Engineer: 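Below you will find the structure I want to go over with you.
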Amino acid sequence: MPTIAIVSQKGGSGKTTLALHLATCAAYEGKSSCVIDTDPQATAAAWGDWRGEFLPEVVTCPPVRLSSTIDRARRAGTQMVVIDTPPHGDTAAREAVRAADLVLIPTRARAFDLHALEATAGLMAYASKPAFVVFNAVPARASKMLESASASARELGLDVCPIHFGERAAFYRSSASGEVAVELEPEGKAAGEVSALWQWVGERLGPLA
Ligand SMILES: Nc1ncnc2c1ncn2[C@@H]1O[C@H](COP(=O)(O)OP(=O)(O)O)[C@@H](O)[C@H]1O
Ligand SMILES: [Mg+2]
């Protein structure tokens with residue numbers, strides 16, 4: 001059962017947005033996917049409540065219950081798990097990374113966010129798990145900013161995902177409505193970025209997926 005952890009020590013970097021969109025992509029492919037929300041703020045779970053009966057399922061659990069929650073999901077036939085984590089949650093992030101086949105680290109490309117990336121890089125240093133920074137909410141015409149942010153991430157020893165998300169109203173609206181970008185704007189750029197990321201993730205997970 002492929003398991004993706006979304007971690008970043010900074011709030012507002014896009015962890016929940018990424019988690020919900022990836023799990024929904026799996027659901028659209030007919031896979032039973034589950035988001036495990038380990039953030040005490042339970043933002044992903046609130047999104048799941050608004051969404052109602054539509055997949056993916058979102059469950060909450062404290063970090064100490066993560067591995068048993070994953071086992072339960074596996075026994076229930078879940079085919080993909082995405083773990084959402086809180087900011088500043090060392091234990092939560094560590095447990096999520098331990099359980100994951102692939103770790104994604106969303107971050108904005110601004111200086112303060114890149115500074116916070118250091119803590120996440122420290123966490124990943126001994127984890128020996130495939131991990132990639134995913135730049136999120138990148139402003140339009142910011143290719144220089146993206147280039148220098150990518151260089152900073154690499155200096156910290158982190159790989160950079162070739163797909164990034166732009167700053168898009170569809171992402172912003174999705175979090176407030178229990179929907180995902182493709183449901184709000186099927187032909188929009190946000191939907192295209194999600195689909196490109198999903199394809200890339202599938203290639204990384206390979207036979208697991
Ligand atoms: N690419 C994006 N474009 C526009 N708004 C975004 C984007 N990614 C996230 N947001 C918005 O930023 C806020 C924080 O995102 P969220 O995914 O909750 O971050 P985190 O889980 O890391 O705290 C939310 O209101 C979300 O809708
Ligand atoms: Mg969140």
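Note that the structure is predicted; figures quoted are calculated from it, not measured. All residue numbers refer to positions in the sequence shown, counting from 1. One-based numbering, in listed order, for ligands and for the atoms of each.
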Engineer: Is Thr17 touching ligand 1 with its side chain, its backbone, both, or neither, if touching means heavy atoms under 4.0 Å apart?
Structural biologist: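 Both backbone and side chain.
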
Engineer: Below 2.8 Å, which protein N, O or S atoms neighbour the Mg ion (ligand 2), ignoring water?
Structural biologist: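 Result, waters dropped: Thr16 OG1.
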
Engineer: Which atoms of ligand 1 have any heavy atom of Lys15 under 4.0 Å away?
Structural biologist: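 Counting from 1, the qualifying ligand atoms are 17 (O), 19 (O), 20 (P), 21 (O), 22 (O).
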
Engineer: Return the closest protein heavy atom for atom 19 (O) of ligand 1 as residue, atom name and distance.
Structural biologist: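 Minimum-distance protein heavy atom for atom 19 (O) of ligand 1 reads Gly14 N, 3.1 Å.
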
Engineer: With a 4.0 Å cut-off on heavy atoms, does Pro106 reach ligand 1?
Structural biologist: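 Contact check Pro106 vs ligand 1: negative.
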
Engineer: Can you pull out the closest protein heavy atom to atom 4 (C) of ligand 1? Residue, atom name and distance to 0.1 Å, please.
Structural biologist: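 Answer for atom 4 (C) of ligand 1: Arg168 O, 3.2 Å.
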
Engineer: Kindly say whether Glu179 contributes a backbone atom to a donor-acceptor pair with the side chain of Trp47 at under 3.5 angstrom?
Structural biologist: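 Confirmed, Trp47 side chain pairs with Glu179 backbone.
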
Engineer: Where is the nearest protein heavy atom to atom 14 (C) of ligand 1: which residue, which atom, and how far?
Structural biologist: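 Its nearest protein heavy-atom neighbour is Gly12 CA, 3.7 Å.
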
Engineer: Students should be able to answer this: which protein heavy-atom is nearest to atom 8 (N) of ligand 1, and at what distance?
Structural biologist: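 Atom 8 (N) of ligand 1 sits closest to the protein heavy atom Asn136 ND2, 3.0 Å.
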
Engineer: CE/Met124 to CZ/Phe132 distance, rounded to the nearest 0.5 angstrom?
Structural biologist: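 Rounded to the nearest 0.5 Å, the CE-CZ separation comes to 10.5 Å.
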
Engineer: Ligand 1 versus Ser175, non-hydrogen atoms closer than 4.0 Å: side chain, backbone, both, neither?
Structural biologist: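 Near ligand 1, Ser175 shows its side chain, while the N, CA, C and O stay back.
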
Engineer: Once salt bridge (Lys or Arg N to Asp or Glu O under 4.0 Å) is applied, what residue pairs with a partner in residues 181-193 remain, sequence neighbours excluded?
Structural biologist: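 Residue pairs with at least one partner in residues 181-193: Arg51-Glu183, Arg168-Glu193, Arg173-Glu185.
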
Engineer: To the nearest 0.5 Å, what is the distance between CG on Asp39 and CD1 on Ile83?
Structural biologist: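 Here the interatomic distance stands at 13.5 Å.
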
Engineer: Sort and list the pairs that fulfil ring-ring contact (aromatic ring centres under 6.0 Å, His included) and have at least one residue in residues 61-101, not counting sequence neighbours.
Structural biologist: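 Every pair satisfying ring-ring contact (aromatic ring centres under 6.0 Å, His included) with a residue in residues 61-101: there are none.
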
Engineer: Pick, from Lys10, Arg108, His164, the option with the minimum heavy-atom distance to atom 11 (C) of ligand 1.
Structural biologist: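 Nearest option to atom 11 (C) of ligand 1, by heavy atoms: Arg108.
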
Engineer: Can you tell me how far CZ of Arg108 sits from CE of Met145, rounded to the nearest 0.5 angstrom?
Structural biologist: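 So the gap between those two atoms works out to 10.0 Å.
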
Engineer: I need the nearest protein heavy-atom contact for atom 18 (O) of ligand 1: residue, atom name and distance, please.
Structural biologist: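 In this structure, atom 18 (O) of ligand 1 has Thr16 CB, 3.9 Å as its nearest protein heavy atom.
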
Engineer: Return yes when atom CD of Gln41 has more than 12 non-hydrogen atoms of other residues, nucleotides or ligands closer than 6.0 Å, and no otherwise.
Structural biologist: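 No, not enclosed.
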
Engineer: Donor-acceptor check, side chain of Thr107 to backbone of Phe135, threshold 3.5 angstrom: yes or no?
Structural biologist: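 No; zero donor-acceptor contacts below 3.5 Å.
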
Engineer: Find all atoms of ligand 1 within a distance of less than 4.0 Å from any non-hydrogen atom belonging to Gly166, and give their numbers and elements.
Structural biologist: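 The atoms of ligand 1 under 4.0 Å from a heavy atom of Gly166 are 1 (N), 2 (C), 3 (N).
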
Engineer: For Arg74, does the CZ atom have more than 12 heavy-atom neighbours from other residues, nucleotides or ligands under 6.0 Å away?
Structural biologist: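 Buried by this count: over 12 neighbours within 6.0 Å.
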
Engineer: With a cut-off of 4.0 Å, which atoms of ligand 1 are near a heavy atom of Gly11?
Structural biologist: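 Selected atoms, number and element: 23 (O).
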
Engineer: For Ser13, counting its heavy atoms only, list the atoms of ligand 1 lying under 4.0 Å from any of them.
Structural biologist: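 Ligand 1 atoms under the 4.0 Å threshold to Ser13: 19 (O), 20 (P), 22 (O).
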
Engineer: Mark the output for Thr43 as yes if a heavy-atom distance to ligand 1 is under 4.0 Å, and as no if none is.
Structural biologist: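 In this structure, Thr43 fails to qualify as a contact of ligand 1 - no heavy atom is under 4.0 Å.
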
Engineer: Could you state whether Trp198 and Leu18 fall into the same hydrophobic cluster, counting links through intermediate Ile, Leu, Val, Met, Phe, Trp or Tyr residues with side-chain heavy atoms under 4.5 angstrom apart?
Structural biologist: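 Yes: a chain of side-chain contacts under 4.5 Å links Trp198 to Leu18.
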
Engineer: Using a 4.0 Å cut-off to any heavy atom of Glu167, which atoms of ligand 1 qualify?
Structural biologist: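 Near Glu167, meaning under 4.0 Å from one of its heavy atoms, ligand 1 has 3 (N).
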
Engineer: List the atom pairs, with distances to 0.1 Å, where a side-chain N or O of residues 146-166 and a protein N or O form a donor-acceptor pair under 3.5 Å, not counting sequence neighbours.
Structural biologist:
residue: Ser150; atom: OG; partner: Leu146; partner atom: O; Å: 2.8
residue: Ser152; atom: OG; partner: Ser148; partner atom: O; Å: 3.0

Engineer: Could you state the interatomic distance from CZ (Arg72) to CD1 (Ile36), rounded to the nearest 0.5 Å?
Structural biologist: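 Answer rounded to 0.5 Å: 8.5 Å.
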
Engineer: Over all heavy atoms of both residues, which pair between Leu20 and Val180 is shortest? Give the atoms and the distance, please.
Structural biologist: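 Minimum heavy-atom contact is O-CG1, 4.1 Å.
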
